[in-house]
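What follows is a single structure, written as structure tokens, with notes after it.
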Amino acid sequence: MPIFDFVCTACQKSFEALVRGTTPPACPACGSTALEKQMALPSIKTSSTHGQAMHAAKRRDAAQGKDRMHEQRKYELSHDD
């Protein structure tokens, strides 16, 4: 069951739809079935895009770790045992 990108010709809304069999999808905004299928571009993974993704993931993980440490410290300060 492939997912396709569509643009409604009635209201110009773009959306993705799961297409099952021969049942045509309908626009979620106006309900029209007058749709134009869009061309989906393949995603390309190169060494530079992989490096950028890894760098972003490391920044995200560091921020989440910092938040966890902060919350742990707040918990420890408010719960003296």
Who passes side chain to side chain contact (heavy atoms under 4.5 Å, CB included) against [X], sequence neighbours left out?
X   : result
A10 : C8, C30, S32
E16 : I3, D5
P24 : none
A53 : none

Between [X] and [Y], which heavy-atom pair has the shortest distance, and what is it?
X   : Y   : value
V7  : S14 : CG2-CB, 3.9 Å
K37 : F6  : CA-CD2, 3.8 Å
L35 : P25 : CD1-O, 3.2 Å

Tested for side-chain contact (heavy atoms from CB on, under 4.5 Å) against R20, the lone hit among L18, T23, T22 is L18

So salt bridge (Lys or Arg N to Asp or Glu O under 4.0 Å) across residues 58-78, not counting sequence neighbours, yields E71-K74

Contacts of T46 meeting side chain to side chain donor-acceptor pair (under 3.5 Å) (sequence neighbours excluded), chain-then-number -> S48, T49

